[in-house]
Amino acid sequence: MRTPIAPSTLLAVRGEIVHFVDDPVERGIDACVHFPDGLLLVRDGHVLDCGPAAELESSLPVDVRHIDYSGKLILPGFIDTHIHCAQTEIIASHGEQLTTWLEEYAWPAEARYADPAYAAAGTGFFCDQLLRHGTTTAMVFTTVHPACTDALFEAARVRRMRMIAGKVLMDRNCPESLRDTPAVGDAESRALIEKWHGRERLAYAVTPRFAPTSTEEQMRRAGQLFSEVPGLYLQSHLAEQRQEVTWTMCLYPGARSYLDIYERFGQLRPRSVFAHCIWLDDEDRHLMATRSAAMSFCPTSNLFLGSGLFDLGRARDFGLRVGLGSDAGAGTSLSMLQTLNEAYKVLRLAGQTLTPEAGFYLATLGGARALYLDAHIGNFLPGHEADFVVLDPRATDLLEMRMSHATTLSERLFALMMLGDDRCVAAAYVLGEPGF
Ligand code: GUN
Ligand code: ZN
């Protein structure tokens, strides 16, 4: 018999609960916690307990608020470790390779975010869409404009979402209207850090877009700033396309590799997150591992732009932290389910695999570990923030048919990650409150 729980602001959410306490690839099936008829107890926005409904019900006060999601799955809110809030407008624009896609679509889209009213509307829509897709935490590139970063943080704050974001630093090889200077970029980043970093659930990421669009002086200042303020993040792009790597190495002739550029400027440390990481060698992987930096695996974007196949197996061999990224707008979906779908296919093309457990781990606890947030989010351990997504495994006729022929949790999770998208998201809760 459990000790009775005091009422306060207690919420009991019933449904089929799945979460991860470790990486199932390392720890095996014990890493996955599954309560077919479970109860998630939330008090003051945090997880109080989680377990079989039959066991927990008896300890609840009679007047506790219940929400019944029987027949649906309850998982920790999804974590998107790499996305661009000002590219929603151009998602699914016909592109070829990275540089032309940037010039034709990304730059013009980002230029519109100079206008604070436009930025407020766009970032509000972006946050709502994240929630609609079950994503409760994201690491986000804004634009070069502080107004866009202000707008995004405010949109996340009013929705109480966890958000890591930063103003893009970019002082060369881009249109004049999107260019800052080392001094201006530095001053604007510092002002934004002062205003937003560590406020409620928000954190700032120093954001040199990628090595080719920053001068050495800007890269130096970015590394310096990153080292100065506790808890800061740094985000950038790394080794996405072969052509981009060749171009970048011409711009930094002394560097051993693309990654070595970030290393030379002090940008490779815990809490730095690099999107793509496709064209690396083992020396790079070893360096990333020793610096405790993280990779964001962005399969829909990598397939869309024809960038290449991320080597998850090799990243694992080096014990690297890896999260999942949509990279929308070059990524083709905001849905972490669709991102897992394409992650699976990328890995198959490389002769690897992604079990459904490993996939949902990546989208939840794996992402939290990549972002050094696993003490707060990523699973339902007591005390963690109560961000969760409710998935309807029968959201479409096809899923309904497929589910009626599935016998195990693994089969059902796999069907969800291959056939599911935002139609499956019945609800997304942020700190125990519905996010939409
Ligand atoms: N590299 C530099 N900027 C970008 C961007 O906006 N999208 C992608 N996919 N790669 C980039
Ligand atoms: Zn990106």
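All ligand and atom numbering here is 1-based and tracks the order in the structure. Quick note: residue numbers are just sequence positions, from 1. Hydrogens, waters and symmetry mates are skipped; everything else that's a heavy atom, side chains included, is used.
Near-neighbour remark for the Zn ion (ligand 2): protein N, O or S atoms under 2.8 Å are His82 NE2, His84 NE2, His237 NE2, Asp327 OD1; waters not counted.
Results of the side chain to side chain contact (heavy atoms under 4.5 Å, CB included) test with Phe35 over Leu40, Val18, Ile74, Ile17 single out Ile17 as the only residue that passes.
The number of heavy-atom neighbours closer than 6.0 Å to CG of Asp397, taken from other residues, nucleotides and ligands shown, is 12 or below. Dense packing is recorded around CZ of Arg27, with more than 12 heavy atoms of other residues, nucleotides or ligands lying under 6.0 Å away.
In terms of the side-chain contact (heavy atoms from CB on, under 4.5 Å) criterion, residue partners of Arg221 (sequence neighbours excluded) are, by chain and number, Pro182, Ala183, Asp186, Glu217.
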Contact table, ligand 1 N/O with protein N/O, distance under 3.5 Å:
{"unit_1": "ligand 1", "atom_1": "3 (N)", "unit_2": "Arg209", "atom_2": "NE", "d": "2.8"}
{"unit_1": "ligand 1", "atom_1": "6 (O)", "unit_2": "Gln87", "atom_2": "NE2", "d": "2.9"}
{"unit_1": "ligand 1", "atom_1": "6 (O)", "unit_2": "Arg209", "atom_2": "NH2", "d": "2.7"}
{"unit_1": "ligand 1", "atom_1": "9 (N)", "unit_2": "Glu240", "atom_2": "OE2", "d": "2.9"}
{"unit_1": "ligand 1", "atom_1": "9 (N)", "unit_2": "Asp327", "atom_2": "OD2", "d": "2.8"}
{"unit_1": "ligand 1", "atom_1": "10 (N)", "unit_2": "Glu240", "atom_2": "OE1", "d": "2.7"}
{"unit_1": "ligand 1", "atom_1": "10 (N)", "unit_2": "Glu240", "atom_2": "OE2", "d": "3.4"}

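For the 3.5 Å distance criterion, the side chains of Gln218 and Asp180 qualify, holding a donor opposite an acceptor.
Under the 4.0 Å criterion applied to side-chain N and carboxylate O atoms, Arg423 and Asp392 are not assigned as salt-bridge partners. Ion pairing between Asp22 and Arg369 holds under the 4.0 Å rule for side-chain N and carboxylate O.
Across Gly308 and Trp279, no two heavy atoms sit closer than the pair CA-CZ2, 4.1 Å.
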Which atom pairs, donor and acceptor, lie under 3.5 Å between side-chain atoms of residues 200-210 and protein residues at least two apart or in another chain?
{"unit_1": "Arg201", "atom_1": "NE", "unit_2": "Glu385", "atom_2": "OE1", "d": "3.3"}
{"unit_1": "Arg201", "atom_1": "NH1", "unit_2": "Arg160", "atom_2": "O", "d": "2.8"}
{"unit_1": "Arg201", "atom_1": "NH1", "unit_2": "Asp387", "atom_2": "OD1", "d": "3.3"}
{"unit_1": "Arg201", "atom_1": "NH1", "unit_2": "Asp387", "atom_2": "OD2", "d": "3.3"}
{"unit_1": "Arg201", "atom_1": "NH2", "unit_2": "Glu385", "atom_2": "OE1", "d": "2.5"}
{"unit_1": "Arg201", "atom_1": "NH2", "unit_2": "Asp387", "atom_2": "OD1", "d": "3.4"}
{"unit_1": "Arg201", "atom_1": "NH2", "unit_2": "Asp387", "atom_2": "OD2", "d": "2.7"}
{"unit_1": "Tyr204", "atom_1": "OH", "unit_2": "Lys167", "atom_2": "N", "d": "3.0"}
{"unit_1": "Thr207", "atom_1": "OG1", "unit_2": "Ala205", "atom_2": "O", "d": "2.6"}
{"unit_1": "Thr207", "atom_1": "OG1", "unit_2": "Gln235", "atom_2": "NE2", "d": "3.1"}
{"unit_1": "Arg209", "atom_1": "NH1", "unit_2": "Glu110", "atom_2": "OE1", "d": "2.8"}
{"unit_1": "Arg209", "atom_1": "NH1", "unit_2": "Glu110", "atom_2": "OE2", "d": "3.4"}
{"unit_1": "Arg209", "atom_1": "NH2", "unit_2": "Glu110", "atom_2": "OE2", "d": "2.8"}

